[in-house]
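See structure below.
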Amino acid sequence: MSSKLFTPIEIGNLTLSNRIYVEPMCQYSAENGNMTDWHMMHVPSMAMSGAGLFCIEATAVRPKGRITHGCTGLYSDENEAAMAKVLKLARSVSDIPIGIQIGHAGRKASCELPWDGRSFLTEENGAWETEAPSPLPLTDGWPTPHVMSKDELKDLRKDFVETAKRADRLGLDYLELHGAHGYLLSSFMSPLSNQRDDEYGGSLENRIRLALEVSQDVRAAWPNEKPLGMKVNGSDFVDGGWTADDAAVLASELKGIGFDLITVSGGGVDPKAPIKAIPGYQMPFAEVVKKKSGITTATVGMIVDAHQAEEAVASGKVDMVALARGILFNPRWPFHAAVALGADIPYPVQYERGGAKLWKPAVTSVAPKLET
Ligand SMILES: Cc1cc2nc3c(=O)[nH]c(=O)nc-3n(C[C@H](O)[C@H](O)[C@H](O)COP(=O)(O)O)c2cc1C
């Protein structure tokens, strides 16, 4: 059996050995934006997953752009040194291409860690002023964000560029801008969170202006030979919100700027949006983006089963599948998917005896097809 999921794919000048993408996932375990011992375990573990690409968590371009006090940043020499240490270890155990997602949390910044309740921070807990396109709190009772002026948007663009340069110095292979989930760039894009009446609000063209300006600046600062991508929403899951057609317009523009990969996600602009998260629930948005823009496209959202992932790419609906919770649940997901799909992928030599070639029970222990 030949598996499409396990065929190589090129994003820009980078060849990935397969089409499985380990999504950026906040670990809320940094200190002053610096990676810690947790990352010394987590990043190499994900790097050893057998996927084609692994992306480091949403990393802030300035302290105010962190979601929580535990979020990583890449705005200081100290941040850079801490990340270099983690990457040195990851590189010593795996040659997987490693990317980083950079962004600004916007009006969703200054909040508690998930395991402390995820609410907005109070002054006693070290709250800071959040930044947004319009004076609209995320939801009832949340603080009203500071409305960013045009001069402040120019400063923001510089911060993205500085962070991109640090990421390049760290030898990272792929850079992704966080343009999804209601964080700053996404909050400019959605008509639900952007009610400006200047050239950054109103029409779709105006609402994507900031994202495109940041993208142009970052493309100029990030080496030409290295791929660049954006994670975008395909829907706000609210009537009158951002749509997959909007995302396709954005993706076409990004392709023109020289972007190589778009990951299509959704939600997060309105915490009350009714989202029915069934397997593959965001794939229809990715299909629209791929079809209309022609850019290399990944789908994310409840990709759980090897056969489901295989169908997604073999059908041509998307180019790659991206996993978050599925790979936390099973950090060897790609190795198990390869067994289920009859593909052969190299194991780290130290682990070869646990692989399907040398240990037959591996084959029978792989979960059967998920009923969807
Ligand atoms: C622990 C955790 C942390 C996450 N952090 C990020 C992040 O840093 N950046 C991002 O774009 N999405 C983040 N997400 C969202 C996932 O990348 C993904 O879009 C979402 O979970 C749906 O995919 P899944 O069904 O495979 O989990 C996170 C998800 C989880 C579970």
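Note that ligands are numbered from 1 as they come in the structure, with each ligand's atoms numbered from 1 the same way. Note that the coordinates shown come from a computational prediction; the quantities given were computed from them, not determined experimentally.
At a heavy-atom distance under 4.0 Å, no atom of Q27 approaches ligand 1. Residue contacts with ligand 1, taken as heavy atom pairs separated by less than 4.0 Å, involve K231 solely via side-chain atoms from C-beta onward.
The closest approach between H181 and ligand 1 falls below 4.0 Å for a heavy atom of the residue.
Residue E57 places no N or O, backbone or side chain, under 3.5 Å from any N or O of ligand 1. Checked by distance only, ligand 1 and A322 stay at 3.5 Å or farther apart across all their nitrogen or oxygen atoms. Considering both main-chain and side-chain atoms, L328 never comes within under 3.5 Å of ligand 1 through any nitrogen or oxygen pair. Ligand 1 has no N or O atom lying under 3.5 Å from any N or O atom of Y281, backbone or side chain. For A324, a nitrogen or oxygen atom sits less than 3.5 Å from a nitrogen or oxygen atom of ligand 1, counting backbone and side chain alike.
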For the pair H69 and W128, evaluate ring-ring contact (aromatic ring centres under 6.0 Å, His included) and give the outcome as yes or no after the intermediate values.
CA-CA 10 Å; H69 280 291; W128 65 89; 5.2 Å; yes
Run the numbers on H146 and E152 for side chain to side chain donor-acceptor pair (under 3.5 Å), then give the verdict.
CA-CA 11 Å; H146 165 75; E152 286 169 335; 2.9 Å; yes
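When each of K158, K165, R157 is paired with D217, the salt bridge (Lys or Arg N to Asp or Glu O under 4.0 Å) condition holds for R157 and for no other. Between D260 and the options K255, K226, R219, a salt bridge (Lys or Arg N to Asp or Glu O under 4.0 Å) holds for only R219.
In this structure, CG in L175 is found 8.0 Å from SG in C55, a value given to the nearest 0.5 Å.
Looking from atom 5 (N) of ligand 1 to the surrounding protein, the closest heavy atom is C26 N, 2.8 Å. Of the protein's non-hydrogen atoms, P24 O, 3.3 Å is the one closest to atom 13 (C) of ligand 1. Of the protein's heavy atoms, M25 CG, 3.8 Å lies nearest to atom 2 (C) of ligand 1. At the top of the distance list for atom 27 (O) of ligand 1, counting protein heavy atoms only, stands R325 NE, 2.7 Å.
In this structure, Y347 and F335 have tilted ring planes: the angle between them lies in the 30° to 60° band.
Every atom of ligand 1 with a heavy atom of S265 under 4.0 Å away is listed here by number and element: 19 (O). In the vicinity of G301, heavy-atom distances shorter than 4.0 Å reach the ligand 1 atoms 22 (C), 23 (O), 25 (O). Those atoms of ligand 1 that come under 4.0 Å of a heavy atom in E23, given as number and element, are 17 (O). The contact set between ligand 1 and Q101, taken as ligand atoms under 4.0 Å from a residue heavy atom, comprises 7 (C), 8 (O), 9 (N), 10 (C), 11 (O).
Cluster membership check: L172 shares its hydrophobic cluster with F160, using side-chain heavy-atom separations under 4.5 Å among Ile, Leu, Val, Met, Phe, Trp and Tyr. Residues Y75 and Y28 do not share a hydrophobic cluster, clusters being chains of Ile/Leu/Val/Met/Phe/Trp/Tyr side chains in contact below 4.5 Å.
Looking at I98 and R91, their side chains come closer than 4.5 Å, going by heavy atoms from C-beta outward.
The environment of CG in N32 is sparse: at most 12 heavy-atom neighbours from other residues, nucleotides or ligands sit within 6.0 Å.
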